Amino acid sequence: MKCKYCQDNLALMEVSNGTLNIIGDELINTVIWDYYNDRPSDLYQIRVINYCPMCGRKLEEEI
């Protein structure tokens, strides 16, 4: 069975101004709106993770 979070790129959760997604072996926090400057944002934070927090599958770097 495919995990909809780590294999189908469904957002793990919405955060204050964006979403958390898993792409490959990276947990990505995408900032959609910059409230400080009141405009769209292209900022994001990336953390490498080893396992999907939802299904436990070992994640590998995308080639």
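Bear in mind that the values here come from a model prediction, so they are computed numbers and not experimental data. FYI, the numbering just counts along the sequence from 1. No hydrogens, no waters, no symmetry mates; every other heavy atom, side chains included, goes into these values.
You'll find the side chain of L20 stays beyond 4.5 Å of the side chain of I28, heavy atoms only. A 4.5 Å side-chain heavy-atom check between C52 and I22 finds at least one atom pair inside the cut-off. You'll find the side chain of N50 stays beyond 4.5 Å of the side chain of L59, heavy atoms only. Side-chain contact between C6 and R57 is present, with at least one heavy-atom pair separated by less than 4.5 Å.
Note on residues 33-51: no pairs pass salt bridge (Lys or Arg N to Asp or Glu O under 4.0 Å), not counting sequence neighbours.
Side-chain heavy atoms closer than 4.5 Å link hydrophobic residues (I, L, V, M, F, W, Y) into clusters, and following such links, even through other members, never connects M54 to Y51. Cluster membership check: Y44 does not share its hydrophobic cluster with I32, using side-chain heavy-atom separations under 4.5 Å among Ile, Leu, Val, Met, Phe, Trp and Tyr.
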Just list the side-chain donor-acceptor pairs under 3.5 Å for residues 7-14, sequence neighbours left out, or say none.
from	atom 1	to	atom 2	distance (Å)
Q7	OE1	C3	N	2.8
D8	OD1	K2	NZ	3.0
N9	OD1	N21	ND2	3.4

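L43 CG to T30 OG1: the interatomic distance, rounded to the nearest 0.5 Å, is 10.0 Å.
Panel note: side chain N17, backbone W33; a donor-acceptor pair is recorded below 3.5 Å.
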